[in-house]
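Everything below concerns the one structure shown next.
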Amino acid sequence: VNGNTHYPLCFRCFHLNSTSTPGTTHERFLWFFLKISLYKSLTGAITLPMAAKRTKTTPDPFTSAPGDTCGGNERKKTPQRPVNDPKSVDWNRLREGDAAQWKADVGFRDIPDPRQAAKVRYPLPHLCALIVAAMAAEFDSFEAMALWAHHHGEALLERLDLSPLPAMPSHDTFRHFLSLLEPGHLDTLVRRSLRLAGKDTLEGQLVLIDGKALRGTWGPKAAPAGHLTVLNAHAPDLRLSLGSVPVAADTNESAQLPGLIQSLSLEGATVCIDAAGCQKTVADAITGKKAHYILTLKDNQPKLHDAVHTFFDTALAAGAAPQGDLRTATHQSASKGRQLQVTLHATTWLDWLDTKDDWRGLTTVARLQRRRVDEHGTVHETTVHLLSSLSDPHAILAGALGRWAIENTLHWTLDVTWGEDRCRTRERNAALNLAALRRLADNLHRLHPARLSMKMKRRLAATSHTFLLDTLKPLLVHA
């Protein structure tokens, strides 16, 4: 009612489309009731029927509501299911007293919290536990993590002896947290998992270091090489990732290698790196960690490469080195119609090399000749020169042949099983942290004794909560 103008009114079950004279007692009563109801609903005194109906709706894990202080908004808490509800997660099937002895709170405290302390709603151990568990269970995107936490997060936190949350985080919370967290901090979890599993001693092991591009981070407006790159350290005999560091956009792999080497426990190991690692600083860093190295020498060191190439041409043409120190190691194999023959010539006499003192620990220079005959009878020959702190030619040959294992066992698995190149997250920190989580989850599954493929282990973790908790054990600290 506005002056002498008559409007048809409709408010839920009250309908007025009267033809009576405006200003009647009936219309005044309804208008007064409408004003009082709207006023009380806005001040919280009462709840209108439509608003009450909304609050009874089951919360959506992707719905936003005011109050999220970690990058996204949150829904209201989902009502608790009864313990005997058949839809509840059956964690009671776990061995009694086994899972409760493992505490995640201490296990995740070494990671610095990048959020403002006054605005933190979700403790860091809770977020890390949910993120790692979701990744191991094949829920590897932000939306999938929120979905997994919505259905299974409460039961997981209870079994890990973590305090309950008022509500599970949304996908915006996970995205914002991983976008704030500096890359590299999640590698502390990788090292802890190896230490608690007793796999941190690398004496006598071959360690391979190589870079891998995250193809999915490239955008249509980016430069051709605008994708992010991660430098990985891998132990092929253990089939475990030892750590990784991101390669900055304004630098290359060679500049990041000393830092990665310093973060690893390499005493007694043999580190094999391709031509990007053929640097004096890298040789110095590896020797400083009491480890041996095998470095591939190519045209990135032109003077040294030419000197080594000339020496072996002369020595092999004469049939022996000038001092008679020319040792040989060979390897032959045949598979699927292909034949491979590898010959390595090595010398420890280095008086002819003017820069030998610049390479710390340098003991041997070698030439590796590879001859492969494919199934069609075509012959492929390659020649590579190596610098090594080892003196045994057979050990150098074994390391040189095994350096491709990082491509076959780690990089291939990350792309095919974990879908790393298909991940379209382009924000730098978030993309790099997701890459670190994939390597961590891959380690956790490989440490599990079940003799299953990686794909089957991920599916089993998504369907069996007992298997998932057993998989997470290397991350946790025993109480």
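Fair warning: this is a prediction, and the values are worked out from it, not measured in the lab.
- A donor-acceptor pair shorter than 3.5 Å cannot be found between the side chains of His292 and Thr270.
- Checked by atom type, the side-chain pair Ser141/His171 shows no donor-acceptor distance below 3.5 Å.
- A salt bridge links Glu420 to Arg439: at least one charged side-chain nitrogen sits closer than 4.0 Å to a carboxylate oxygen.
- A donor-acceptor contact shorter than 3.5 Å is absent between the side chain of Thr296 and the backbone of Ala275.
- Distance OG1/Thr463 to NE2/His465: 8.5 Å, rounded to 0.5 Å.
- Side-chain atoms of Thr330 do not come within 3.5 Å of backbone N or O of Thr343 as any donor-acceptor pair.
- A side-chain donor-acceptor contact under 3.5 Å links Asp325 and Thr348.
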Gln301 and His305: CA distance, side-chain angles, deciding distance, side-chain hydrogen bond (donor to acceptor under 3.5 Å, both in side chains) verdict
CA-CA 6 Å; Gln301 298 282 349; His305 181 267; over 6 Å; no
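- Contact of the Thr173 side chain with the Phe142 side chain is not registered, since no non-hydrogen atoms from C-beta on lie closer than 4.5 Å.
- Counting heavy atoms from C-beta outward, Leu414 and Asp421 have side chains that stay 4.5 Å or more apart.
- You'll find the side chain of Lys457 reaches within 4.5 Å of the side chain of Phe467, heavy atoms only.
- A salt bridge is defined here as a Lys NZ or Arg NE, NH1 or NH2 lying under 4.0 Å from an Asp or Glu carboxylate O, and Lys212 with Asp415 meets this definition.
- One finds the OG1 atom of Thr201 at 9.0 Å from the CD atom of Glu267 (value rounded to the nearest 0.5 Å).
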Could you go through His331 and Leu397, starting from their C-alpha distance and side-chain angles, then the distance that decides it, and tell me whether this counts as side-chain contact (heavy atoms from CB on, under 4.5 Å)?
CA-CA 8 Å; His331 168 81; Leu397 177 61; 4.0 Å; yes
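- His411 and Asn232 share a donor-acceptor pair across their side chains, judged by distance under 3.5 Å alone.
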Checking side-chain contact (heavy atoms from CB on, under 4.5 Å) for the pair Leu156/Trp148: CA distance, chi angles, key distance, verdict?
CA-CA 11 Å; Leu156 174 68; Trp148 187 92; 3.5 Å; yes
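- No donor-acceptor pair under 3.5 Å is formed between the side chain of Ser170 and the backbone N or O of Met168.
- When all heavy atoms of Leu468 and Ala133 are compared, the pair lying nearest together is CD1-O, 3.9 Å.
- For the residue pair His309/Arg367, the side-chain donor-acceptor check at 3.5 Å is satisfied.
- A donor-acceptor pair is defined here as one N or O able to donate and one able to accept, closer than 3.5 Å; no such pair exists between the side chain of Lys289 and the backbone of Ser265.
- Listed here is the closest heavy atom pair of Gly216 and Arg424: O-NH1, 3.3 Å.
- In summary, of the residues considered (Leu295, Leu344, Val308, Thr364), a side-chain contact (heavy atoms from CB on, under 4.5 Å) with Leu386 occurs for Leu344 alone.
- By the 4.5 Å heavy-atom criterion applied to side chains, Ile406 and Pro236 are not counted as neighbours.
- Annotation: side chain of Phe177 is in contact with side chain of Pro114 (closest heavy-atom distance under 4.5 Å).
- Counting only heavy atoms from C-beta outward, the side chains of Glu381 and Arg372 never approach each other to under 4.5 Å.
- Heavy-atom neighbours of Lys356 NZ from other residues, nucleotides or ligands within 6.0 Å: above the threshold of 12.
- The closest donor-acceptor contact from the side chain of Arg403 to the backbone of Ala398 lies at 3.5 Å or more, if one exists at all.
- Contact annotation: the side chain of Leu157 never approaches that of Ser163 to less than 4.5 Å [non-hydrogen atoms, C-beta and beyond].
- At least one donor-acceptor pair closer than 3.5 Å links the side chain of Asn433 to the backbone N or O of Leu181.
- Put simply, the side chain of Trp359 does not reach to within 4.5 Å of the side chain of Asp284, judged on heavy atoms.
- Counting all heavy atoms, side chain and backbone alike, Arg370 lies closest to Val342 at CG-CG2, 4.1 Å.
- Between the Asp187 side chain and the Gly243 main chain, no donor and acceptor come within less than 3.5 Å of each other.
- Without hydrogens or angle criteria, His448 side chain to Ala450 main chain gives a donor-acceptor distance under 3.5 Å.
- Within 6.0 Å of the CD atom in Glu375, the count of heavy atoms belonging to other residues, nucleotides or ligands exceeds 12.
- Atom CD1 in Ile273 sits 10.5 Å away from atom OH in Tyr293 (nearest 0.5 Å).
- With values rounded to the nearest 0.5 angstrom, Arg159 atom CZ is found 12.5 Å from Leu162 atom CG.
- In terms of modelled atom types and a separation under 3.5 Å, the side chain of His394 and the main chain of Ala329 share no donor-acceptor contact.
- Taking a cutoff of 4.0 Å between a charged side-chain nitrogen and a carboxylate oxygen, Arg446 and Asp442 qualify as a salt bridge.
- Annotation for Leu208 and Ala405: closest pair CD1-CB, 3.9 Å, computed over non-hydrogen atoms.
- The line from NE2 of His345 to OG1 of Thr328 is 5.0 Å long, rounded to the nearest 0.5 Å.
- With values rounded to the nearest 0.5 angstrom, Thr471 atom OG1 is found 10.5 Å from Leu475 atom CG.
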Pair Leu432-Leu214, side-chain contact (heavy atoms from CB on, under 4.5 Å): steps then yes or no:
CA-CA 9 Å; Leu432 293 173; Leu214 306 179; 4.0 Å; yes
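- Shown here is Asp313, whose CG atom has more than 12 heavy atoms of other residues, nucleotides or ligands within 6.0 Å.
- Listed for the Arg458 side chain is a donor-acceptor partner under 3.5 Å among the backbone atoms of Thr417.
- Summarising the geometry of Ala149 relative to Phe174, their closest heavy-atom pair is CB-CZ, 4.2 Å, with the distance given to 0.1 Å.
- For the pair Arg422 and Asp140, the salt-bridge criterion is not met [side-chain N within less than 4.0 Å of a carboxylate O].
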For Leu231 and Ile209: C-alpha separation, side-chain torsions, deciding distance, then whether side-chain contact (heavy atoms from CB on, under 4.5 Å) applies.
CA-CA 7 Å; Leu231 200 59; Ile209 300 180; 4.1 Å; yes
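- Across every non-hydrogen atom of Leu264 and Leu242, the tightest pair is CD2-O, 3.5 Å.
- Residues Asp374 and Arg338 are not paired through a salt bridge, judged by the lack of any N-O separation under 4.0 Å between the basic side chain and the carboxylate.
- A salt bridge does not link Arg175 to Glu427: none of the charged nitrogens lies less than 4.0 Å from a carboxylate oxygen.
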